[in-house]
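Have a look at the structure below before the remarks.
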Amino acid sequence: MIVAAAFSAGALPQGYAQKAVAWKEATSAGYAYRTVANDPTQSRFYVLKNGLTVILSPTKKEPRVQSYIAIKAGSNTDPATHTGLAHYLEHLLFKGTDRFGSLDWAKEKPLLDEIDALYEQYNKTTDEQRRKEIYKEIDQKSGEAAKFAIANEYDKMMGAMGAKGTNAATSFEYTMYTEDVPSNAINKYLAVQAERFRAPVLRIFHTELEAVYEEKNRSLDNDGRKQFEMMFASMFQNHNYGKQTTIGTIEHLKNPSLVEIRKYFNTYYVPNNMAIIMSGDFNPDEVIKQIDKEFAYMQPKPVPPYTFQPEQPISSPIVREVVGPTPENIMMGFRFPGAASRDAQILELVGNILTNGSAGLIDLNLVKKQKLLGAYAFPFVLKDYSMLILQGNPIEGQSLDDVRNLLLAELDNLKKGNFPDDLIPSIVSNQKKRMIEENENYTSRADNLMNTFIEGTDWADKVNAVNNLSKITKADIVAFANKYLSNNYVVVYKRQGEDKSIVKVDKPPITPVEVNREAQSDFLKQVNAMAENKIEPVFLDYKKDIQRAKSGPYEVLAVRNKDNDLFRLYYQFETGSWSNKLLPIATDYLEYLGTRNKSSEDISTDFYKIASSFNVNAGAETTTISIDGLQENFQKATALFEDLLRNCQPDQEALDAYKLRLKKARLNKKQNKGQIAAGLRSYATYGPQNPFNNELTDAELDALKAEDLVRVLHDLADYPHRILYYGPKTATEVAGTLKTVHTAPATLKTLPPAKKFEQLEQRNTKVLFANYDMVQAEVFWVFNAEKYNAAEQPTISMFNQYFGAGMGSIVFQTIRESKALAYSTYANVSTPYRKEYRNGIMAYVGTQSDKFGESVAAMNELLNVLPESAKAFENAKEGLRKSLATDRVSQDGILFSYLAAERMGRDYDIRKSIYDKTSTFSLNDLKNFHAKTLAGKPYTYCVVASEERLSEEEMKKLGEFKKLSLQEIFGY
């Protein structure tokens, strides 16, 4: 896949001429607010009487609302003796209050008080035998208390509303809770959130604690995370950015204090330290009244500020290293002032001068010239400090010191002003385009507004970003670079090897707890009974929603963009790597090719100057070329790409460099546990010869010639294909324009035949194992089910909603909430890419190796016997129907929905079938589907784990065992 990014330099997009930007005050419906003049997001900033910040940004694109509740408290404000506490609390804010999550609060509370006291004893006890005795008491009391708890009741309420993306996150200076809810459920959402933060109860704690242990162990297997933590620890020796990590130390995780967690909540979760940010389809006058009504109970109090000693200047490079199984790379970091400073704004521009995907110094001098396997730079902006991060990956035979020197050389170019004078205007033009794209998406709006609150930056600066950037000169950048970039950096070498410093969090003995699936609190019933306006679903009518035309022999499918002047154009070819293994290599190679008149660097720069981009993606069965930008540059952008594809010239020197990099990339894939797991799953699905290892052998790669790959690219231009267009023009208009720039040959070439990969008929249970140096074990269940049948699609959707999708599902409740066996787990039935293929069943557990047996047994029990809960079923049904009713497929999504339907032999929107059928479903329907489709099947287990931590004998108990070599998995 190749990506090149590219408004004429200095030209403003249509409808985006920036006007005067300033704060102004207004009042509406009795509430005062501030807003920024000429803000395209029309965001209102309120502060209620109790100090609660509310930011509302209305947009009626979809009948949904993205909401964040953000607290200015994260790992920075963790007590030094209880690191990871803010993150603990985030997990526990899903457990309910005295009004929800409890069957009988009067009986539950005394038991929870006893558990509190036991944890305090446990925390203060050092004798290991006594600690085990206390933990046994905690486990026993927790089991008693859980009999009066209702697990996941929060998730059930949100699911019944039709919420999506239920989650939370903790970082250095914030904790945030996120929901995407239907616009007719705002009243319910606010009622639940107000109750959630009123008086949280820290119930079902020891199983949630084990989930955090699992999260910690997963972080120990993440070399990238270790590298970042080392960077921060070295860069910030006074600030908690470097002194504490978000998850916390193992010692603190093993000694939690519920008393300290409550202190933290009472200190920081106060209205004058919080914000509710909402963007979507609503009337802000109505919503601000609802928020005020629900959250008026909150009382403000002084919040202790986070204080720190300023960091000392770095006078010489600080060199560190981390070790792990993933490929070697280097990370460099420079320190800058915090987010609210003007220097942080200039830093954003500097990051784009170095890396913008097309015309940055690193893009052109290191990536395009193939001097490194990969390299980039980006600003990492935080409230108190910012950083410029550079990363680089070596090619074969290159040392990490070589990588460092190449990156430093590009910083020298920056300091000397060795970049084109028109690069800054080009960056400004691309920023204009990006702001249009962000503002048309309600989730992106909410993201930006939340960051403004957390970082303490001025929203007016964000609205005025284009004008602000355009005032920065090349001389400003050179002076800035020389001020901040010298030998004052931290460099972290990621080396390959065994990390002998890892100490995992051991599995404590935990007795599974009750989840009480059938129980419902009075509060849940009240929320579900709250009035809501019905939102009618809107489904696609492909005949009405898509315009059609012809451009020469090519069919044109188009959807009008009535909002702005952006376009997206696609050429869709029904051929891919299954037809020609050279195709994905050729499309990658295209990134490094020029024409007779232009170099590869010239082409990337030309695209970037007009704020257009192109992408070529050769998949297994289809290849897609995409071009996007402003409609005013449509003809120029398409002509640029047409010239490149038809007139690219063989470059053997570029190919030799590409081969060297590709060999290193192939080697790196073998050191990536995610890639290894993907290869195991493909092997389980198709057998030894499968799509994953459908790769060139080393000998075939060595024999490649530049002319061979260029011929593949020139042939691609002459294959039959469809044209898809989303933009301001009609299908007829765009077809007419394309006749002059996207010309067809006299005779189109015939598409090459595709290799067929048949999904296996699995008859026996098998275990496929790959060894990897890691703390955890990744376990996947794979089974090829029956061939696709459109009539079963509604059942599959309903089953997934009930069984294995999300935190309220049966799988999550059982394996994580009740048994504390995994941080991440799921199961689903998937539909194929084409109607001729089979459905698939996949389940997953990521667990500690010492819990492998228990975890596998727990998932197998669920796959063979479906737990029945009438309440959970009704909740899942209601949630699915509301999600479908508020789901809007728009823009070019309409075109791709049509292509997907066509591949499945349908001429209608499958969502309508699902919506209509779900109202008639019964729990017995799902039980029958489970018995027919999942129960008693000969699954293939795909296991990635360390053979030193997980014994072969234990895996052999499950079925026929085979340890695969990397050669068998990858095909080279």
Side-chain angles (χ1 to χ4, degrees), residues 1-8 357-359 368 549-558 566-575 583 586-618 622-651 654 706-707 709-727 729 731-749 751 892:
M1 183 179 77
I2 67 174
V3 180
F7 311 140
S8 301
S358 293
K368 278 283 184 183
K550 293 282 283 189
S551 179
Y554 307 125
E555 182 183 19
V556 178
L557 305 177
L566 297 180
F567 80 87
R568 290 190 284 273
L569 177 73
Y570 306 89
Y571 304 145
Q572 184 91 8
F573 301 81
E574 292 299 314
T575 188
L583 186 55
T587 56
D588 271 349
Y589 178 51
L590 181 60
E591 182 176 354
Y592 310 104
L593 297 183
T595 63
R596 289 185 179 89
N597 303 317
K598 290 177 182 283
S599 69
S600 172
E601 292 83 0
D602 291 337
I603 293 166
S604 289
T605 301
D606 286 349
F607 267 99
Y608 195 70
K609 283 180 179 178
I610 60 171
S612 294
S613 68
F614 73 86
N615 176 53
V616 184
N617 182 19
T622 57
T623 296
T624 304
I625 294 169
S626 62
I627 306 168
D628 69 77
L630 277 177
Q631 186 63 40
E632 68 188 57
N633 294 325
F634 177 87
Q635 194 158 348
K636 189 180 292 186
T638 51
L640 268 173
F641 182 78
E642 199 75 15
D643 182 44
L644 172 62
L645 185 61
R646 290 193 175 278
N647 299 312
C648 55
Q649 297 297 299
D651 186 333
E707 291 78 7
L709 295 179
V710 169
R711 190 177 304 112
V712 170
L713 293 168
H714 290 169
D715 285 347
L716 181 65
D718 292 339
Y719 283 144
H721 57 272
R722 272 176 165 162
I723 298 171
L724 314 177
Y725 169 82
Y726 169 72
K729 299 296 184 181
T732 302
E733 288 171 331
V734 79
T737 302
L738 286 172
K739 281 182 181 178
T740 63
V741 291
H742 186 60
T743 57
T747 305
L748 291 171
K749 292 182 180 293
L751 289 171
D892 43 2

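Checked options Val741, Ile610, Thr595; the residue passing with Leu640 is Ile610 (criterion: side chain to side chain contact (heavy atoms under 4.5 Å, CB included)).
Across Ser551 and Ala735, no two heavy atoms sit closer than the pair OG-O, 3.2 Å. The minimum heavy-atom distance between Ala706 and Pro650, with the atom names listed, is CB-CB, 3.9 Å. Residues Leu645 and His714 share a closest heavy-atom pair of O-CD2, 3.1 Å.
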Test Leu716 against Tyr571 for side-chain contact (heavy atoms from CB on, under 4.5 Å), laying out the working first. CA-CA 11 Å; Leu716 181 65; Tyr571 304 145; over 6 Å; no
Do Tyr719 and Phe573 pass the ring pair (Phe, Tyr, Trp, His ring centres under 6.0 Å) test, and can you show the C-alpha distance, the side-chain angles, and the key distance before you say yes or no? CA-CA 7 Å; Tyr719 283 144; Phe573 301 81; 7.1 Å; no
Determine, step by step, whether Glu574 and Thr622 satisfy the side-chain contact (heavy atoms from CB on, under 4.5 Å) criterion, reporting the C-alpha distance in whole Å, the side-chain angles of both residues, the deciding distance to 0.1 Å, and the verdict. CA-CA 5 Å; Glu574 292 299 314; Thr622 57; 3.7 Å; yes
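Distance CD1/Ile625 to CG/Asn615: 9.5 Å, rounded to 0.5 Å. One distance of note links NE2 of His742 with CD1 of Ile627; it measures 8.5 Å at 0.5 Å rounding. One finds the NZ atom of Lys550 at 13.5 Å from the CG atom of Leu738 (value rounded to the nearest 0.5 Å). In this structure, Ser358 OG and Phe614 CZ are separated by 7.5 Å, a value rounded to the nearest 0.5 Å. To the nearest 0.5 Å, the span separating OG1 on Thr575 from CG on Leu583 amounts to 6.0 Å. Atom-to-atom distance recorded for Leu713:CG and Asn647:CG is 12.0 Å, nearest 0.5 angstrom.
For Arg722, the salt bridge (Lys or Arg N to Asp or Glu O under 4.0 Å) partners are Glu555, Glu902, not counting sequence neighbours. With sequence neighbours left out, the ring-ring contact (aromatic ring centres under 6.0 Å, His included) criterion links Tyr570 to Phe896. Checked against side chain to side chain contact (heavy atoms under 4.5 Å, CB included), Glu733 has the following partners two or more places apart in sequence or in another chain: Lys729, Thr730. Take Thr737 and apply the side chain to side chain contact (heavy atoms under 4.5 Å, CB included) test, not counting sequence neighbours, and it matches Phe634, Gln635. Residues satisfying the side chain to side chain contact (heavy atoms under 4.5 Å, CB included) test with Arg646, not counting sequence neighbours, are Glu642, Ala717, Asp718, Pro745. In this view, Ser600 and Lys368 satisfy the side chain to side chain contact (heavy atoms under 4.5 Å, CB included) rule, not counting sequence neighbours.
Leu590 has its side chain within reach of Leu644: a pair of non-hydrogen atoms, C-beta onward, lies under 4.5 Å apart. In this structure the side chain of Phe641 reaches within 4.5 angstrom of the side chain of Val616, judged on heavy atoms.
One N or O on the side chain of Ser599 and one on the backbone of Asp602 form a donor-acceptor pair closer than 3.5 Å. Side chain of Tyr589 to backbone of Asp651: a donor-acceptor contact under 3.5 angstrom is found. Without hydrogens or angle criteria, Thr623 side chain to Ala618 main chain gives no donor-acceptor distance under 3.5 Å.
Side-chain contact annotation: Asn617 with Thr624, donor-acceptor N/O pair under 3.5 Å absent.
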